[in-house]
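We count ligands from 1, going down the list as the structure has it; atoms in each ligand are counted the same way. This one's a predicted model, so the numbers in the text were calculated from it and none came from an experiment.
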Amino acid sequence: MKAVLLGTTAGGGFPQWNCACSLCVRARSGSLSSRSQDCLAVSGNGTDWWLVNASPDVRTQIAACPLLNPGPGARETPLRGALFTDAELDHTLGLLTLRGGAGLTVWAPGTVLHALKDQFDLRTVIDGYAPVAWRQVDDQPFDLGGLRVTAIPISGKRPKYARSSTVDGHWVVAYRFHDPATGGVLVYAPCLASWPDGFDEVVTEADCLLLDGTFYAASEMGSATGSASGQAAMGHLPITASLPELRRFPSVRRIYTHLNNTNPVLDPSSPESEKLREAGVEIPLDGTVIEL
Ligand code: MLT
Ligand code: MN
Ligand code: ZN
């Protein structure tokens, strides 16, 4: 299995268009590496690829990744579709860019498929260009070009635009990818509200865990921007709370992604970055390829 970290930040990216925090200022000046919004590309056979989440940055992410180059036919692409961890706009709006793509399949929890029809009708818009096969994920593993994929229930956190749903089930999932040919297991969990029940087993069985690193500390948005609005409601367990959990799994390759623009680990020379290095936890840049 191959996976590419196409985008490693939370909604807004780094730098964020309307943010003048010291980190965004340094990214704008080029002294820190810019990063695009959350996206992972994954493939079991090297020819068929799926995105996990699709942000408005997807056009430049695909263009920057040679593994996703179109061809050899004039309109052939290795991209087969996308899996959504949730219904957040920074994880779904990239579909508008992929409109008109032939034969795409989108997998998502039932709550998310419902929200994208009933509450923000992205699905009708997209289907007007080229019909997408919408597939609901549940607790049954499914096959994706030779990979076995399992959706892992994470939390009930709804996007701000979404009303409570008539559809039962979790709003947020993680995905576990198992390559039966190599035995490799990758877990992608960019939205973790708390350490869920049963997650220890998921991590123990993984070779590589990509985890929600949105915030380093619980009060970070307030200290960086002078306005704490909404950090607690965003449903992201801060690194100060998840790192002690990660320390219990030293043999797993552990990576933080979905970093918010206020997160001090965006600066490799910060004491917080040093703490992650000392714990053996990585914060790779956009474009990093993982092979399992
Ligand atoms: C999230 O996944 O929680 C988002 O990054 C929130 C946002 O888009 O502001
Ligand atoms: Mn996000
Ligand atoms: Zn900022």
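Although no hydrogens or angles enter the test, the distance criterion places no donor-acceptor pair under 3.5 Å between the side chain of Asp212 and the main chain of Ala189. Judged by distance alone, with hydrogens and angles left aside, the side-chain atoms of Arg99 form a donor-acceptor pair with the main-chain N or O of Leu96 at under 3.5 Å. Between the side chain of Arg158 and the backbone N or O of Trp171, no donor-acceptor pair lies under 3.5 Å.
Sorting the N, O or S atoms of Asp90 by how far they are from the Mn ion (ligand 2) puts OD2 first.
One finds the CZ atom of Phe215 at 4.5 Å from the CG atom of Asn260 (value rounded to the nearest 0.5 Å).
For the pair Cys21/Asn261, a side-chain contact is recorded, criterion being any heavy-atom separation below 4.5 Å from C-beta on.
Contact atoms of ligand 1 toward Lys157: 3 (O) (distance under 4.0 Å to a heavy atom of the residue). Remark: ligand 1 atoms within the under-4.0 Å shell around heavy atoms of His91 are 2 (O). Ligand 1 places these atoms under 4.0 Å from at least one heavy atom of His258: 1 (C), 2 (O), 5 (O). Applying the 4.0 Å criterion to heavy atoms of Gly11 picks out, from ligand 1, the atoms 5 (O), 8 (O). Atoms of ligand 1 found under 4.0 Å from any heavy atom of Ala10 (numbered from 1 in listed order, with element): 5 (O).
Counting backbone and side-chain atoms alike, Asn261 contributes an N/O/S atom closer than 2.8 Å to the Zn ion (ligand 3). Between the Mn ion (ligand 2) and Asp38 there is no N/O/S contact shorter than 2.8 Å.
The NE2 atom of His258, the Mn ion (ligand 2) and the NE2 atom of His91 define an angle of 100° (nearest 10 degrees). The angle Cys21:SG - the Zn ion (ligand 3) - Cys24:SG amounts to 110°, with values rounded to 10 degrees.
Looking only at heavy atoms of the protein, atom 1 (C) of ligand 1 is closest to His236 NE2, 3.4 Å. The single protein non-hydrogen atom nearest to atom 6 (C) of ligand 1 is Met234 CE, 3.7 Å, given as residue, atom name and distance. Counting protein heavy atoms only, atom 4 (C) of ligand 1 is closest to Asp90 OD1, 3.3 Å.
With ring centers used as reference points, Phe142 lies under 6.0 Å from Trp107.
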Checklist line | Trace of the salt bridge (Lys or Arg N to Asp or Glu O under 4.0 Å) decision for Arg277 with Glu274 | finding: CA-CA 5 Å; Arg277 272 194 296 277; Glu274 180 51 34; 3.0 Å; yes
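Figure legend: cation-pi geometry between Arg80 and Trp49 absent, as NZ or CZ is not positioned both under 6.0 Å from the six-membered ring centre and within 45° of its axis.
Note on Arg254 versus Glu245: no salt bridge recorded, every NZ/NE/NH1/NH2 to OD/OE distance being 4.0 Å or above.
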